[in-house]
Every structure is written in structure tokens, then in C-alpha cells.
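Report on the following structure.
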Amino acid sequence: MAETKRKARDEPKHMAKKSKKQQKKHSDSKTPAKKDKKSDARKRTGPRLPNSLRKVIESLNHNSPSNSEDDEEIESDEGELYAEDLYEYQEGVPQEESKKNRRFDPVENFEYELPQNFKDENVLSDDEDEDEDDDDEDNGGSKTVDANGDEIEEEDDGRHVRMLQGITGMPSEAFEGKKKKNNVVISEVYPESEYNPSREILDGDGRISMEDLLGPLQDKPGFGKLRKRMDQMKKSEVIEAPLPQAIREKVERGTAYKLSKTDITKWEPIVKKNREAPTIYFDENTDLGFSTVGAIASEFVPRTEFEKQMASLVYDDNVMEAHQKDGSRLLELNKVSVEDEKERQNRIAKMRSLLFCHEMKAKHIKKIKSKTYHRLLKKNRLKTSDMEVEMDPEAAKEQALKQEFKRAEERMTLKHKNTSKWATRILRRGLQVQDEGTRAAISEQLHQHALLSRKMNSMKDNSSSSGSDDSSDDDNVHKNPAVSDQGRASKLLEKAKEKTLKILELEDEVPKSGLLSLPFMERGLKKRKEAADEEAKLALQEYESSLKQMEDSSGVENPKASTSSGRRIFGAAAKTHAPESRNMVKSDTFYANSDSEDDMEAKENTADVGNNKSNDSQKDVHLDSVLPHENTEIVQDSVFKSFDDIVRDPGPKTTYEVAIFASDRWRKMESRDKMDAKSKRSLKSVGPEHNQDSEEPVKEVGDHSDSESEGQMVDGVLALGPKPSYELPSQAELIRQAFAGDDVEEDFENAKLEVLNKENPEPEKPVLLPGWGQWTHVQKKKGLPSWMLNDHENAQRKREEALKKRKDARLKHVIISEKLDVKAQKLLTKTLPYPFTSKEVFEQSIRMPIGPEFNPAMTVGALNRPEVVKKPGVIIRPIEFKEVNPHENTEGHKWSGQKQKMKKGKSNGTKMTKKTKMAGGKTMKVK
Amino acid sequence: MKVKVISRSTDEFTRERSKDLQRVFRNYDPNLRPQEKAVEYVRALNAAKLDKIFARPFIGAMDGHIDAISCMAKNPNNLKGIFSGSMDGDIRLWDIASRRTVSQFLGHQGAVRGLTASTDGRVLVSCGTDCTVRLWNVPVATLKESYESSDNSVKPLEVYVWKNAFWAVDHQWDGVYFATAGAQVDIWNHNRSQPVRSFEWGTDTVISVRFNPGEPNLLATSASDRSITLYDLRMSSPTRKLIMQTKTNSICWNPMEPMNFTAANEDSNCYSYDARKLDEARMVHKDHVSAVMDIDYSPTGREFVTGSYDRTVRIFQFNGGHSREIYHTQRMQRVFCVKFSCDASYIISGSDDTNLRLWKAKASEQMGVLLPRERKKHDYHEAVKNRYKHLPEVKRILRHRHLPLPIYKAAALRRTMTEAARKKEERRKAHSAPGSISTRPLRKRRIITEVE
């Protein structure tokens, strides 16, 4: 764009500029941006000069300030002028291409100077509009150059045109135009006037300044702005002498570096924050769009005709309303009253509890191991089933079927007819040989078979002859009440009576050992037995009464009751069968007696012991009391005697304690003698006056019991205390006396030696190896080999050195252990780890545990979080800039999610628009 | 009178759903658990051992090239795609997941020296010793295509022939420019057949170029005159040059810290610099025993991977003087290029033996979907290990690596040499007038000058 514009601007200008244009084109193709233009300009200004020359020129300029007319700009231009002079040497390079030639530029700018002649006002204004600030500067600079460099140019023009012609191959007219123009400008065609200033005015003092031009505009509306801009222009009009390229580039680079440095510093707070954060997050949840069907459905917008029609139908007001109403009705139907629900729940709960009870009962029954109980149960069940059979024809049929099935089975298998392996074996061996149980079992089996087959018969012919002598109750039940019933009942009763009597008479065998022989068991058994006996007696009475009744009534009777009673008694009898005995009781009592006796004995013993003890103690006391009497000849101090008494008198316990207090050696006779001697020495002065006094309490001790003796003794001491003649031994002596027994220093030395030996063990003494040289007697002759001895010596020396090196080698009363605790060593670091600066900080850092067992669940996650949290499979983008308040509280998730948040925002935006669209659509539909 | 009773409301103890965990109240009084530190220490030890047991970093090799792989480029927009260029002029696009070639880009006459993809992942730029820059359209890799047609060759979009051979190329992040390195640094636009700008500072060949991903107008190059140069596109000029004692083979900017970059040097060390203070390195990363050929930062900016001429790949912490990990296999030859995957969990290395190798960034990491509990457990292990890593036993286990013998020996030799040099320096210092000899710190020692 810029290029085209420039071209447009250049168009109306002179043809002579063609070459310039070409040049420009060439450069333009390389420069993509406007910026490059600037750099071009910069390049043009800088001729290549050696530094020394430059300096000379500069000094010249400074020396001849008379040349400079009014401004600095001109001065600088002059510098360039000189430079151009010197530049002649380098003219071999084509000037257009080197871009250092200024001669083509001034033309353009010269035009700028002469607006009236050529009426280029529009173009000029365009120019200014386009690049106001940048170009003005350049133009201004070049303008002045033109003014001064004119003459030189004129001289060179001819040569230059020729040269251009040669290079470009264009006719000289193309270049001529410019020159003509110049000529035109210079030659004053028009008479001099204010519209047509003379050459002097243009060049010299009388030239029109900006102020002159601005003068008439003073009261126009935009004047202030214009002036301001003019001022700015003036300020920026300074152009310095171009530096050599190398230096210039260096300066450029320096500034660029500075700028980029400051620019990049903006990242510092962000980077700092990230580095200090305990965790950085890269697992920002990526927006996957809608997750639920509902969300997707809500986003649906009808697009096609069909969809729209459907939508209009579905979202029709009537339809909606109807649907709503219908829905509410449906809900009403769904309602259930509270009472109903409660009732239902109660019912269910009841059923459940009943079921549970039944279950428990069944379980309980199943657990009972008693065979009799089960037999009874079975019978009962049968009975009830019979009842049912009688009552219910259906049940009867079923029963019959079952019976039939059983019988058929029996007939087919002959299971109970001695055909089984077991039965045949027993029969082969002979029934007589068998024990009673087996025989019973066989007979039982046979009976079973008979029963089954007979039933079949009975089904056929209803005879009941065979089962009359059966003793089993089952048959009785089945049979019709026969005539013999009465007799049988009495028989039964008699049997029962006999049995009970037998039981009563039978004295129980007594288990003399085991659990039942224990006293409490015995007592319980006894009680039970008594109860059973009583019951048996009662039963007997009942039997008798019932027998009497039977005899009396001899007709009506209740066998069931009798049987039941008989059974009951039998049960009671069975109970009495339980192992129970008087002997046991006896034994028990015996044991009890013995126990008590033992106790008594023990008591006695203890008492004896006590007595003995007391006796002993008394004896002791006596002895003690005797002792002083004996000792009276030697003048014994009463204090020590009494002390002795205290030590011995109050039972063994106290003596023991004292024994602890005083070490064994104290007991040794020597020390005692010493003591005695000491006491003698110390208390010689006390003299014999005490003796009588001392004797009295001792005697008293002898008379009185143990408990009193102490007090007495104390009394005695007290009585002795105030005596002036007694001197207490000195403190040191007392301490020495008190700790005379324990040799602390020696103990400590031993302990230290032990520690030393443990930490620096003494080397083993060299010994003859068993089996070596024993039969040759070489070793015996030579003694131990020399190396062994050397080794030993070395080890010994080493040990001594080590001992000397120890920290506590010179400290007599100190043991400093130098043992290394290997286990503890594992838990310690040798040096302070790198990031930590002090021991305390490091220890603090590993003080608290971080495991889930030792911390609440809320904090475990935070404690264990890794430094970088990322999701596998999520692309991590490089950091993006975002203003960070350094004093802000750090929130880990915030920064990394910036991009996503932006995206979300965008997506939200789009959603919003969509929604509004939809809403619009809806309203449309509603209409 | 104050009576204290235990009161627990049922609300706190009833679960809302049957899947909820039963709430357990504990007394966290440390006095009740005197052994907790010992327990955690043992756990740390076990975690370290488990780490060793599960360290299986090598995932697989991608075989297909018939000459040494000279350069690679990752697709910034596609995790699975990786481009590789070889010395015979072959460029391939690989599917990392299946470890197969998706397509081939045929056209280069000489070795491909530089590869890069635009940020949107649609255009691949390659350059090489045949003095051409080629732009390719990256095929959208669907699974079917990659499996069905094996010879999936792509024609280049553009071929720009230029005056000199190229050594490296890098694409601007989120921009339209890419820079090539050769006799000078050229900045290209996608749509122009000629560079829009070129920088020349000094006469030596530029061998590597990298744009700053965080600050897309900055770029750094390294040249065969042992220099590292910074450029700023906005100022349209180079900004600063740093000359070191040895050549820098490759440069990488930290994507999370735009002022920092790390240079992979010929002297087997890597040097991290702050672009604002080039007079000394921020950190010297030592461990390789031969020239470091390539370097790439993890997208997290916390670590970087280096490939070396000593046939190993190492992973360094961005602030660690020694490597965290070393990867090597018996068959892997000189490593010429390494890349971190865009999700920071894989590493790809290309080597002289014509293979690309895929590694895990964390050797013992469990790949695949992790249950939350599993993840928590891993986190805990990691945390405990991190906490007790200074204790001797844990440290020993964590630091132990099994090295190939040549590398082990070379490292030992290197150690003795540096030790000897240090001793010599010490002695010289001790035997000369105090203050006359000043030792320069290692961070400055390898820097010759900083040129403005």
C-alpha cells in the first residue's frame, strides 16, 4: 500500500526521477514494512569515512563557525558537505545503488521549497498528510542540504548525467529534465514580488521563515494546533553526524538489547510466582462440550422444514398446556395416603416377625438331640395327620397313596427282610452270639417288614389278630379299644410301680471322681435327687390310687392319663437315674471337712508361724535385751545399741530393708569392730554414767512387745539427746559412715573399663590351634609362631592408641561413648541437604508425617501433592503473559488456566448468542 | 459443674450412599504414635526400591529410516505425531501410538538438517544441505490411512531455493515467521519465496536456531564461532552475542520462563542462561561425558532432556546440576536429536542407528488410567521419597544407575581430571601471593566475552 501511494505521489513529479524510482522499487521489493524506509533514509545519510578524517572535519566545522548562519542544522549539513567533497574519491561506486548519493533527493525537496512556480500544492499537502512526522524530518534535513549543496551539484551535473546515461542506458533527456528544472528555478522568470521571492531571499537572510507564513493564520481556528506541531518539528530537526556502520550497529544492538531486556523483565513476577508455588498445575480441564443428553437437547435448534413443523407442533401452547395438566393428573393418581402406607408397612413387619419366629422355632427344634423327644414329635405329627386323614378326604387319599408307595417299595426292595449284607452276616453268625442291641435291631427290622406286608394284608382282609401281643404303643393306638385294655392298663401301672420302687430302692452308684465329685455338683445332685424321690413317691401314691380306682370302677378308665402319668414318672425316674449319690455327698462333706481341717491347720500353722515368729521376735528381743547386758562390761554406747535394736526388732521386714540400706560389707565384723572402736573412741567421754540409763530402756524393750519397742527406743534416744556430753560426728564422717558400704568410685571405674572393653575390645590371646603340631610337637617346642605374637602385639598397641585417642581418655570421671549406633545412623544425614540453610529448618521439614494414617483426609491430598500436576495426553502450551499482582495470594490453578478460561469465555459468549437466538426463535414461534 | 460426655451425632456417621466410605475418626495426637517417622522412613525406602524395580523407561523403537536421523520436530497440535528427518533426505511422520510411519515427505536431495512445524500443526518446514527450504502440508493422520497405505508420500507445497546450505530451522510460536540458520540467519514468511529479513553478525556459520515460545519475537542462535546470539524481531536487529570456549550445538528456551534458555555445549555440559545477564551462566548441568548434541525442554519447564554423542539420553532438572535420569540401550548409537512430547510424559530420541526411540519421561511411572486411590498411593510414595531422599540409604538407592562401562569409565576419568585441575589450582593459589590468583567460578569460566 505504502508503495503504491508513494508511486502516486511521485507520478506528477519530474520525469527525471525515473532512475530514482527504479532505485526505490528495488529497495521496496526488499522492504516489507514502512519501517524499512526509515532505515533506507538513514543509510543514505551516512557516507563512509575513516574516523580520523571525520574528526578533522568536525574540528574544522567547529573552527569556522562563521559559515554557520543561524542554526545547528546547517552546521551539521556543512559537515556533510565536506564529507561529500572528500567523497569524490569513492565515486567509482554507482551512486544510485550505493544509496548514499544525496543528489537525487534534493530535487524532490526542492520542489517543496518552491510551491508557487509549479503549483504542486495538492501533492505537497498529500505528502504531509501521509507521513506527517517521519517524513517531515527527513524533508527538512534534505531541504537544507539542497540549499547549500546546489553549487556543487551544478558543477557535477554534466558529468553525472553522462554517468547515469552510461549506467542506465537511457537517453540523456531523461536526466536532463531535472537539470532544466533547476535552471528554471534559478533563472528568475517573473519579476520580483512578494509572490515571487528573489534568489537572495530564498538563499540568504531575507528568506521567508515559518513564522512569516504562520503570521496571517494567527486568528484562524486551527492555529494553536498548527503551531504546536511546528514547534515539535523544530525540536526534532536535529540530525547528528552519522557514525561508522560498525559502531552504529553496535549502538543499535545495545539499545535493542536494552529494550528487549526491559520487555522480558515483565515476566519476572509470573516466573517467580511459579517457582515459589509448591505445585504447578497443567491439568486444566479441557472443555469437552456437553456431557448430558439434556444439555445437548436443550441446545437443539430446529433447522429443516420438518424439524420446524415438529417444533411448532410440540411447542404449541395447547399441547404444552394439555401435557402439563395431564402430567399433574398422573401425579395425583400416583399419590398414596399416609395411613395406607403405614398399614402396609405394619403388615409386612408383622409377617416378617412371624416368619422369623417360626424359623427360630424350627431351628431350635432341629437342634434338639433327644431321640425320645423326636419320637414323640413324630408320633404327634402322625396323630395330627391321622386326624387330618379322618377329617379331610383329600389328605386321606394322599396318606393312602403314601402308604401304598411305601408298601410297594418294600415289596420291591425287600429292604427289611434280612436280605441286606448286614442282616445276612448277623444271621450267618447266629443270633444267639449277638449282643442284645443287635438282636433288637434285627427284630425291629423284621417287625418293620412284617408291619409293611401285614398292612397290605390288612388292607385286603381286616383281621387284627396278629398284633394283640405286641407291646408297642403304635399298634395300640391303631387298634380298636379291645377288651383286654383294662387288664393291660393295670399291668402297665404295676410295671410302672415296680420300676419306680426299684429306682427308689436302688442306691446310686457314686462317681467318686471327675466333675460330679465336685462339692457344688454334689449339692445340686442331692437336691435334684430329693426332688425326684419325692416325685417318685407321689407317683407311687398316684399309682396306688389309680389301681384302687381301677379295681373300684373296674370299667371306665383313662389309659391315656395313666400312660401319661406313668410316662411322667418314668421321666422322673430317668431323672433319678442321673448319676447322683450320697457317697458323693459324703465324700463331698469329707472333702469339705478335710478342707476345713486343712484350713484350720493352715490357720493354726499360720498362727503357729505367727506365734513362732512372734516368739522368734520375742526371742530376738530377748536375745537383744540379753546382749546389752552382756555387753555392759564393754562400755557400749546405748545409742548404737538401740539402733541395733531398731534394726532387728520390728520383724524381718525392717531388717531386710536395713540390709538393703547398708551393704553387706557393713555386716562384716571388721567394720563392726571398727564402728565399735569408733563409738568407743567417740563416746569414751560419755562415761559410765550412761550405763544405767541405757540399761533401763533395753530392759524395757526386753519386756515389751515389738510394736512398743520402737517408741520406747525413740524415747530412750530422746531421753539421751539432751545429754551435753554427747557429740555428733562431723558431716563428712557421717557421710562416710553412711556410704561406707558402696564403693562408688571403684564401681565407676569398673563400669568405664567395661565400656572401654566393649568399644575397643581387647585382642584375644594367641593360643595353640588344636590339631596343629600336636603330634609333631613342633609348636610345643617352638612355642607360638612369631606372626601370631606380632599380631597380638600390634592389636594390643592399636587398642592402647585407640584408648588414648578417646575423648574421655583424660577425663577421670566421665565416660564418653564413642560407639556408633548403626540403626540410628540410617536415619541421619551426614551433611545438611542442599536447599536447606539451617539444621532446624531441615528437621522441621521432616518432623510431621504426611501419610494418610497420621493426617486427616482433608489435608493428605495437599501434603502429598507432587510439584507438577499434569494430565497425560493433554498438550501443555507455553506460558502466556498475564498481569500478575505480586502481592496477590497465590492460587495455583489460576495462571495456567488462563488460556482455557479465555476459551471458555469465548465459548460462553457463543453460547449466549446462540441462546439469545433461540429465545428469539421461540418468541417468533410464540407469535 | 462441667460434664464432658462423648456425643456423636448420627448425621456425621451415616453414609449418604452405600458406596460412600465409612467415616473414621482418629486421634491425630502425635504422642499416640511415636513410630510414625520410622514408619514413613521405611515406606520411603520401599518406595525407592519399588521405583528401581518398576523402572522400565524404554517403550519402543521406531524403525524405518535408512540413514542417521539428524533432526526431529514435534507437532505442537498433535500429541501422536512426530517428524523426523534423516541424513539421506528422507522425512517421515510417525504415529507414536502405533509406532509406524504415517507418511513420507520425499524431495530433499541432501541431508535434512532442520525440521519444524507451525503451531497449528498444518505446515511442516524442512531445510537441508541441498540449499532448499521446503514447506509441506501435513496430512491429517487418520488411523485408516496410516495402516492401509504404507507409501504415503507427500509432495511439497513450496520449494524455496536459496544461496547457502541450511543447518537448522525453527518456527515462531503462534506466528507466521520461521527462521533458518546457515551462512546467516534468515527470517521467512510462509507466503514469500525469499526471506523477509536476514541477520548477519560475524562470518561464521550459524548451526542452530530457536524461537522463544513464550516471547515469540525473540530468538537465539548458536554459531560455529562458539557464539550464542540473541535476536529481537521487533528491533530488527541482533541484540547480544556471547562467546564461549566451546561450540554450542543446540539451544532451547524454557517455555515457562521466557527469559531463560539452556545451551547444549560441545564440552559435554549444558549451560542455563538468563537472557538479561549473559556474563555468567545461571547453572551448569554436568553429567554427560561427550558433546551434548541436542536439548529440549519439557513443556512444564521443570526439566529438559539432552542427547549426547556418548550414546546416552539424560534428563536434567531445570535447576539441577546433575542429571535426574540416564537412558541408554545397547543398540543406541550417537544421539543427534531429542524431543520431549507435548504432554511432558514421553521422550523421543533419534540417533545414528537410524532409529527413533520412545522413552518414558519418568522411568517407573505407571502408564494408563489410574484409579484415584492408585494415584493417591503413587503421590504418597513420591512425597515420602522426596522427603527422605537425603537419608543415606534412600539416597543410595535413588541415585544408583547401571551405566555402560565406557561411560562409567569416562565419567570416572573426567572426575579425576577435574579433581586434579582443582588441586593444581589450589596449590598454585596457595603458593602465590595472596590475591594474585583469583579463581573464576565454573559458571563464568567457560565464557570468553559478551559482545555488544
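Quick note: numbers below take in every heavy atom, side chains included, and nothing from hydrogens, waters or symmetry partners.
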Which bit of [X] is near chain A, if near means a heavy-atom gap under 4.5 Å: side chain, backbone, both or neither?
X: R302(B); answer: side chain
X: L218(B); answer: side chain
X: P258(B); answer: both
X: Y297(B); answer: neither
X: V39(B); answer: side chain
X: Y346(B); answer: neither
X: K277(B); answer: backbone
X: N319(B); answer: neither
X: E452(B); answer: both
X: Y380(B); answer: both

[X] side, atom [atom1]; [Y] side, atom [atom2] - distance, nearest 0.5 Å:
X: Y257(A); Y: L278(B); atom1: OH; atom2: CG; answer: 4.0 Å
X: L391(B); Y: I846(A); atom1: CG; atom2: CD1; answer: 6.0 Å
X: S298(B); Y: F282(A); atom1: OG; atom2: CZ; answer: 7.5 Å
X: L259(A); Y: T239(B); atom1: CG; atom2: OG1; answer: 10.5 Å
X: H390(B); Y: K830(A); atom1: NE2; atom2: NZ; answer: 15.5 Å

If you compare all heavy atoms of [X] against all heavy atoms of [Y], which two are closest, and at what distance to 0.1 Å?
X: A256(A); Y: P238(B); value: CB-O, 4.4 Å
X: I850(A); Y: R387(B); value: CG2-NH2, 3.6 Å
X: P392(B); Y: L828(A); value: CD-O, 3.2 Å
X: V271(A); Y: E257(B); value: CG1-CG, 3.4 Å
X: I876(A); Y: M256(B); value: CG2-CE, 4.1 Å

Check your understanding: What do the steps show when you test E268(A) against R276(B) for salt bridge (Lys or Arg N to Asp or Glu O under 4.0 Å), and what is the final call?
Key -> CA-CA 11 Å; E268(A) 209 159 58; R276(B) 298 165 301 171; 2.9 Å; yes

Out of [options], which one racks up the most heavy-atom pairs below 4.5 Å with chain A?
options: P30(B), A383(B), S341(B); result: A383(B)
options: N189(B), T300(B), N27(B), D232(B); result: T300(B)
options: E365(B), K376(B), E382(B), R43(B); result: R43(B)
options: K37(B), E393(B), M367(B); result: K37(B)

Exercise for review: Flag the one option from G254(A), G851(A), P878(A), P866(A) with the top tally of heavy-atom pairs under 4.5 Å to chain B.
Suggested key: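 Looking at each option in turn, the highest pair count goes to P878(A).
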
Exercise for review: With salt bridge (Lys or Arg N to Asp or Glu O under 4.0 Å) as the test, would you mind laying out the steps for R877(A) and D174(B) before giving the verdict?
Suggested key: CA-CA 11 Å; R877(A) 296 171 68 83; D174(B) 267 342; 3.5 Å; yes

Point to revise | Donor on one side chain, acceptor on other, W201(B) and E249(A), under 3.5 Å | key: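 Short answer, no.
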
Practice item. Using a 4.5 Å cut-off on heavy atoms from C-beta on, say whether the side chain of R234(B) contacts that of D263(A). Key: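 D263(A) vs R234(B): side chains touch.
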
Contacting region of [X] [heavy-atom separation from chain B under 4.5 Å]:
X: K266(A); answer: side chain
X: K261(A); answer: both
X: S845(A); answer: backbone

Check your understanding: Is any side-chain N of the basic residue among R33(B) and E853(A) closer than 4.0 Å to the acidic one's carboxylate O?
Key ->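 Between E853(A) and R33(B) there is no salt bridge, as every charged N stays at least 4.0 Å from the carboxylate O atoms.
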
Practice item. Could you tell me whether R847(A) and E36(B) have a side-chain N and a carboxylate O separated by less than 4.0 Å? Key: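 No, R847(A) and E36(B) are not salt-bridged.
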
Point to revise | Flag, side chain of R253(A) to backbone of V451(B), donor-acceptor distance under 3.5 Å | key: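 Side chain of R253(A) to backbone of V451(B): no pair is present.
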
